[in-house]
Amino acid sequence: AQSVTQLDSQVPVFEEAPVELRCNYSSSVSVYLFWYVQYPNQGLQLLLKYLSGSTLVKGINGFEAEFNKSQTSFHLRKPSVHISDTAEYFCAVSDLRETSGSRLTFGEGTQLTVNP
Amino acid sequence: EAGVTQSPTHLIKTRGQQATLRCSPISGHTSVYWYQQALGLGLQFLLWYDEGEERNRGNFPPRFSGRQFPNYSSELNVNALELEDSALYLCASSLGAAVGGNTIYFGEGSWLTVV
């Protein structure tokens, strides 16, 4: 079984400041890693994913994340945030077992609030 | 290309009634997933269907059930509704049943309120 821990439930920042949303996971098998964003009253949108290869993954809207296998982390970063980045961000994993397909296990979410 | 579509957008039911939620996956996707997003409980996996079969099930009671039709659309049924079933129900789809890695695309969700 896997679990995902998002270390901060709320992150307030000022516009144009950098931000890091932290995510740690645990799993007995190899996993793929994802970050999704949920704007108010909407579904989830994929920001980026790590399957293999380079540990630094670039996604949409200027976000990037770095996979650190030794620390089992997949932190999300953006060098300069905008008001429009205010949303809930979810870290998720899927494992490589055939019985799971692409099923995702989610963290509890981090509410990013960007203030002017 | 149309994304994952869900209906209804909002549904209000009385405790003890049954609710049916519907989902149409992205064209070409054969896997459909259902998640429950209840206040304070995060996103919980409910069910996974692929090629018409239930492949996996989350830790939910049997009154949560569903099916997938030959055109890969799906419905989620919740029987004997309880107040704590009030939540946003998200449907998602992906290509095939390949092991992990396939991107899951989510719909906008169906809000179920039980009164």
Side-chain angles (χ1 to χ4, degrees), chain A residues 1-10 23 25 27-53 57 59-60 65 67 74 87-111, chain B residues 2-7 9-10 21 23-26 29-51 53-60 68 87-111:
Chain A
Q2 311 89 41
S3 67
V4 179
T5 302
Q6 291 183 240
L7 297 160
D8 306 291
S9 60
Q10 299 197 42
C23 172
Y25 70 93
S27 177
S28 56
V29 299
S30 295
V31 296
Y32 297 125
L33 296 150
F34 304 80
W35 275 99
Y36 281 84
V37 60
Q38 186 176 33
Y39 299 102
N41 300 315
Q42 293 187 24
L44 277 70
Q45 179 183 4
L46 179 70
L47 276 177
L48 48 78
K49 65 180 180 181
Y50 173 78
L51 303 184
S52 64
V57 181
I60 63 171
F67 170 56
F74 191 53
E88 184 111 27
Y89 291 79
F90 292 93
C91 181
V93 302
S94 70
D95 66 49
L96 277 67
R97 292 172 298 172
E98 194 171 318
T99 53
S100 298
S102 296
R103 164 186 170 175
L104 294 167
T105 299
F106 286 92
E108 293 294 312
T110 297
Q111 174 64 42
Chain B
V4 178
T5 57
Q6 294 186 243
S7 64
T9 306
H10 293 86
L21 308 176
C23 171
S24 292
I26 291 172
H29 287 187
T30 62
S31 275
V32 170
Y33 304 80
W34 286 95
Y35 288 83
Q36 181 196 65
Q37 188 176 23
L39 198 61
L41 294 178
L43 283 148
Q44 304 294 321
F45 167 73
L46 266 166
L47 290 159
W48 168 36
Y49 292 96
D50 185 73
E51 297 285 357
E53 302 275 335
E54 181 181 302
R55 302 287 187 171
N56 206 331
R57 182 183 181 85
N59 189 24
F60 281 83
Q68 186 177 34
L88 178 66
Y89 289 83
L90 290 164
C91 175
S93 73
S94 74
L95 290 169
V99 287
N102 286 332
T103 298
I104 291 184
Y105 297 87
F106 284 82
E108 297 288 308
S110 291
W111 286 97

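Residue numbers start from 1 in every chain, and the chains themselves are labelled A, B, ... in the order their sequence lines are given, proteins ahead of strands.
- For a residue to count as touching a neighbouring chain, one of its non-hydrogen atoms must lie under 4.5 Å from one of that chain's; by this rule Leu46(A) touches chain B with the side chain only.
- In this structure, the side chains of Leu104(A) and Leu43(B) stay at 4.5 Å or more apart for every pair of heavy atoms.
- For Tyr50(A), no part lies under 4.5 angstrom from a heavy atom of chain B.
- Annotation: side chain of Phe106(A) is not in contact with side chain of Gln37(B) (no heavy-atom distance under 4.5 Å).
- Here the closest non-hydrogen pair linking Leu44(A) and Phe106(B) is O-CB, 3.5 Å.
- In terms of the side chain to side chain donor-acceptor pair (under 3.5 Å) criterion, residue partners of Thr103(B) (sequence neighbours excluded) are, by chain and number, Lys49(A).
- Ranked by heavy-atom pairs under 4.5 Å with chain A, the list Val4(B), Ile104(B), Leu41(B) is led by Ile104(B).
- At a 4.5 Å heavy-atom cutoff, the contact between Gln38(A) and chain B is made by side-chain atoms alone.
- Within a 6.0 Å sphere centred on CD1 of Ile60(A), other residues, nucleotides and ligands contribute more than 12 heavy atoms.
- Heavy atoms only, all atoms of each residue included: Tyr33(B) and Arg103(A) are closest at CE2-N, 3.5 Å.
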